[in-house]
> 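Below is one structure. I have some questions about it.
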Amino acid sequence: MNLASMLTEKVHQVALSVFDEAISRGDQSALFEVKQSDRPDLADYQCNAAMSLARTLGKKPRDVASMLQEPLQKSFGKDAVVSIAGPGFINFRFSDTFLVEAAERNLQTPKQGYKEVVRPSRIMIDFGGPNIAKELHVGHLRPHLIGDALQRLMRFCGDVITSDIHMGDWGTPIGMIIAQLKKEKPSLGFFAEDSTVVSAFSLSIEELGNLYKRSKASWDESDEFKDEARLATEALQSGRIKGYRDLWKHLRDVSLDDVKEIYKRLDVTFDLWLGESDVNELLPIMMKDLEDRGISESSKGATIISAAKMGLDNSPPLMLQKGDGGYTYAATDLATIWDRVTNRGAEQIIYVVDNRQSQHFQQVFAAAHLAGYAQPTTMLLHAGHGTINGKDGKPFKTRDGKSVKLKDVLDIAVQKVRDEMPQPGEQGATAEEIEKITNQISMAAVKFQEYINSRNTDYAFDIDNFTTFDGKTGPYVQYAAVRCKAIINKASAANILDGEMVVSDKTEREMLLNLLRFPEAIETAYTRKEPSLVAAHGYGLAQIFSRFYNTLPVLNEPDQTIRASRLKMVSYVQNQMGACFSLLGLPEPSRMLRKDYGNQLKRVPRNEL
RNA sequence: GUCCCCGUAGCUCAGUUGGAUAGAGCACAAGUUUCCUAAACUUGGGGCCGUAGGUUCAAAUCCUAUCGGGGACACCA
């Protein structure tokens, strides 16, 4: 049960019965929205409807509120106190008994009170999009982590999700690499028009990365090279030179091996490992279709769809095929939509891609609907994300203008945690356990700092963000979860049983209320495609639990009833934290390890770490 | 030139369909451990919500203007 929706419905009902036809015209359901109170000292939930209603009813806000109060109070009975405050706020304060009952009813269900979507949708999520030959840099963190959290969230909510990595494996950069390699090693068998496969050729990811950089340099300084690269791209895409396909396949495999290594560390998964190249066969068919139906046109040697046809003002045309015959990523994206809708039955496609591409998606979506490749009911959504910036407000680069490798960031985070670990043998920890926990803590640090930021806005890169373990961080949340587990384990070892919950302290009450707000957090996160709301909920829960832990004894509580009650609360907290962890793909360590600094230890100041 | 995003505490950020006293983390200051792990907890200072108008009973939130930062605008993806 979602407390906020339950209250909203109730207010709506009551308002209809009190004011009937005066407010029944039009859809006013949003008007009655009840939300978490801004003033927890006064109320759990509040409703501002009386103030908005006052005008249409021609009454004073407080009068409207009083007219609603009595029937509302009656319908809640002893479950809640309904009161009026200020200019006309209707405040709800639940009774402790109600909270306990609601908690017992909700928290044992598989989804802890969350009700799955009524009708599941077949949804494809397109995220990741690593490019061949380019090592993942820190900027890639966002689409990967946000996309992964979204697929976890939407599956949890009941949709049928298929994730696709959609590799950038078919554009001009590949042509650039081929051209560069041809320049450097023309004797390789790939380059002959009638080539045979050359099996003895292989590149490491580092070599491939360097090759790409050299090709970029050639591209920047020579028009001749640009032509070579475009020609190579076209030859690859059309299949004119067979060896290019073999070479391309090798480059793709090398790049994939590299990204898979990182995905394993980050625990990011994909159902489909497709890329731009996978619609290659479809491209000529699509182009012909568009041309036959008069949707596309040719302009300055290229094939485009005009802005006017797409119904987009202030927009350039959408270019599908360049003057040299090569396809643009608009073409592959459009064909991919066709494929996903017709062959894979997608009812909804979500793209987790940098905000800077919003115009591109606006155009491609418009074109897809125009051409009928997407059904009118197909929902195409660009769930854009901000960039990771440097102090200058631009996408992060090191002083010498390079981007920071994602692998390096992960390694630094691991090293920082490792420095804090005890020696094998200390605290009963084996080397394997230390290694495992080190990885779990460091990955939580990296991932959580991403998830605590809003999807849509930029944030500043600071290596400390990824390697800070105090406060609003992954390790903080892990620590709280581990404490729950420790109490539960200890209780079970000592045969201490949990029992009926009673609220004996306001911290307990607040914690219960927090637990009951899980469905609200999930629902809003789902609607807004916003994983940070899940992270925020998990953090809030960890925070209230930490206060609980520090102020109220559980196993050491002398009163047996209270002890049993607190133990049950702890198990609910542990359960819900587990749900949040799995929604965000955060690892849950069995325990937290740290060097024993002794009693007088004082933590090393951050800036000396 | 057109369009999009952002401007909130010293720093990094929440605050979404307008409501009560604008929140959190870090940093800073002072405390808490014979007790379930101190990566924790408690307390404190700190804000003309970029600026100026407007709409409203009510504006960080909506509108207009303006300043500042970032981004996108046909042969890169």
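Note: hydrogens, waters and symmetry copies are ignored here, and every other heavy atom, side chains too, is used. Every chain is numbered from 1 and lettered A, B, ... according to where its sequence line falls, protein lines coming before strand lines.
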> Can you figure out which of B:rC36, B:rC75, B:rC6 approaches the side chain of A:A486 most closely?
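Output: B:rC36.
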> Rounding to an integer number of Å, can you tell me how far A:K472 NZ sits from B:rG15 C1'?
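The distance from NZ of A:K472 to C1' of B:rG15 comes to 11 Å, rounded to the nearest Å.
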> Tell me if the side-chain of A:Q543 makes a donor-acceptor pair with the base of B:rA24, cut-off 3.5 Å, by modelled atom types.
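It does not, because no donor-acceptor pair links the side chain of A:Q543 to the base of B:rA24 below 3.5 Å.
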> May I have the distance from A:L318 (atom CG) to B:rA77 (atom C1'), rounded to whole angstrom?
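Distance check: A:L318 CG to B:rA77 C1' gives 13 Å.
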> Applying the Watson-Crick and G-U wobble criteria at under 3.5 Å, what pairs with B:rA60? Answer none if nothing qualifies.
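Answer to the pairing question: none, since B:rA60 forms no Watson-Crick or G-U pair.
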> Kindly compute the distance separating CG (A:D462) from CG (A:N389), expressed to the nearest 0.5 Å.
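Between A:D462 CG and A:N389 CG, I get 12.5 Å after rounding to 0.5 Å.
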> Check whether A:F225 forms a cation-pi arrangement with A:R214 (NZ or CZ under 6.0 Å from the six-membered ring centre, at most 45° off the ring normal).
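Cation-pi check for A:R214 and A:F225: fails.
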> Using Watson-Crick or G-U wobble geometry with both distances under 3.5 Å, which nucleotide pairs with B:rU16?
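Because no pair has both required distances under 3.5 Å, B:rU16 counts as unpaired.
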> May I ask you to say what A:Y549 touches in the nucleic acid, namely base, sugar-phosphate or nothing, with a heavy-atom cut-off under 4.0 Å?
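A:Y549: base contact, heavy atoms under 4.0 Å.
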> Fit a plane to each ring of A:H144 and A:H140, take the angle between them on a 0 to 90° scale, and name the class: parallel (under 30°), tilted (30 to 60°) or perpendicular (over 60°).
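Correct class here is perpendicular.
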> Look through every strand shown and name the nucleotide pairing with B:rG44 as Watson-Crick or G-U wobble, where both distances are under 3.5 Å.
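B:rG44 is paired with B:rC28.
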> Rounded to whole Å, please give me the gap between NE2 in A:H360 and C1' in B:rA72.
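So the NE2-C1' distance, A:H360 to B:rA72, works out to 13 Å.
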> Only one of A:V81, A:V34, A:D44 passes side-chain contact (heavy atoms from CB on, under 4.5 Å) with A:F92; say which it is.
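Considering A:V81, A:V34, A:D44, a side-chain contact (heavy atoms from CB on, under 4.5 Å) with A:F92 is found only for A:V34.
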> Nearest to the A:Q357 side chain among B:rA74, B:rA77, B:rA40, which nucleotide is it?
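Output: B:rA77.
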> In this structure, how many angstroms lie between the C1' atom of B:rG15 and the CG atom of A:N456, rounded?
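Rounded to whole Å, this separation is 15 Å.
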> In Watson-Crick or G-U wobble terms, both distances under 3.5 Å, what is the partner of B:rC3?
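The base-pairing partner of B:rC3, which may sit in any strand shown, is B:rG71.
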> Could you tell me whether the side chain of A:D41 has a donor or acceptor atom within less than 3.5 Å of a complementary atom in the base of B:rA20?
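Answer no: no donor N or O sits under 3.5 Å from an acceptor.
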> Taking the side chain of A:I487 as heavy atoms from C-beta outward, which of B:rC26, B:rA14, B:rC36 is closest to it?
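The listed nucleotide nearest to A:I487's side chain is B:rC36.
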> Nearest whole Å is fine: how far is B:rG19 P from A:R55 CZ?
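So the two atoms are 16 Å apart, to the nearest Å.
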> Could you state the CD-P distance from A:Q363 to B:rC73, rounded to the nearest angstrom?
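One finds 9 Å between P of B:rC73 and CD of A:Q363, rounded.
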> Please determine whether any donor N or O and acceptor N or O are separated by less than 3.5 Å between the side chain of A:T473 and the base of B:rA39.
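Side chain to base: no pair present.
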> What's the closest nucleotide to the side chain of A:Y476 if the choices are B:rA40, B:rU17, B:rC36?
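Given the options B:rA40, B:rU17, B:rC36, the side chain of A:Y476 is closest to B:rA40.
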> Select one nucleotide: of B:rG25, B:rA77, B:rA20, the one nearest the side-chain heavy atoms of A:T172.
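Among the listed nucleotides, the one closest to the side chain of A:T172 is B:rA77.
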> Report yes if some heavy atom in the side chain of A:E276 is under 4.5 Å from a heavy atom in the side chain of A:H166; otherwise report no.
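The answer is yes, as the side chains (C-beta and beyond) meet within the 4.5 Å cut-off.
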> Starting at CD of A:E523 and ending at P of B:rU17, how long is that distance when rounded to a whole Å?
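A:E523 atom CD is separated from B:rU17 atom P by 15 Å.
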> Return the nearest nucleotide to the side chain of A:R547; candidates are B:rA77, B:rC41, B:rA39.
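Taking heavy atoms from C-beta onward, the closest nucleotide is B:rC41.
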> Give me the distance, rounded to whole Å, that separates B:rA14 from B:rA9 when you measure between the C1' atoms they each carry.
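Result for the C1' pair: 13 Å, nearest Å.
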> Using a 4.5 Å cut-off on heavy atoms from C-beta on, say whether the side chain of A:Q415 contacts that of A:D419.
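Touching, per the 4.5 Å side-chain cut-off.
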> Output yes if the stacking criterion (under 5.5 Å between centres, under 30° between planes) is met for A:F89 over the base of B:rG19, else no.
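Stack criterion not met.
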> The side chain of A:R528 is closest to which nucleotide in this list: B:rG15, B:rA72, B:rC26?
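Of all the options, the side chain of A:R528 is nearest to B:rG15.
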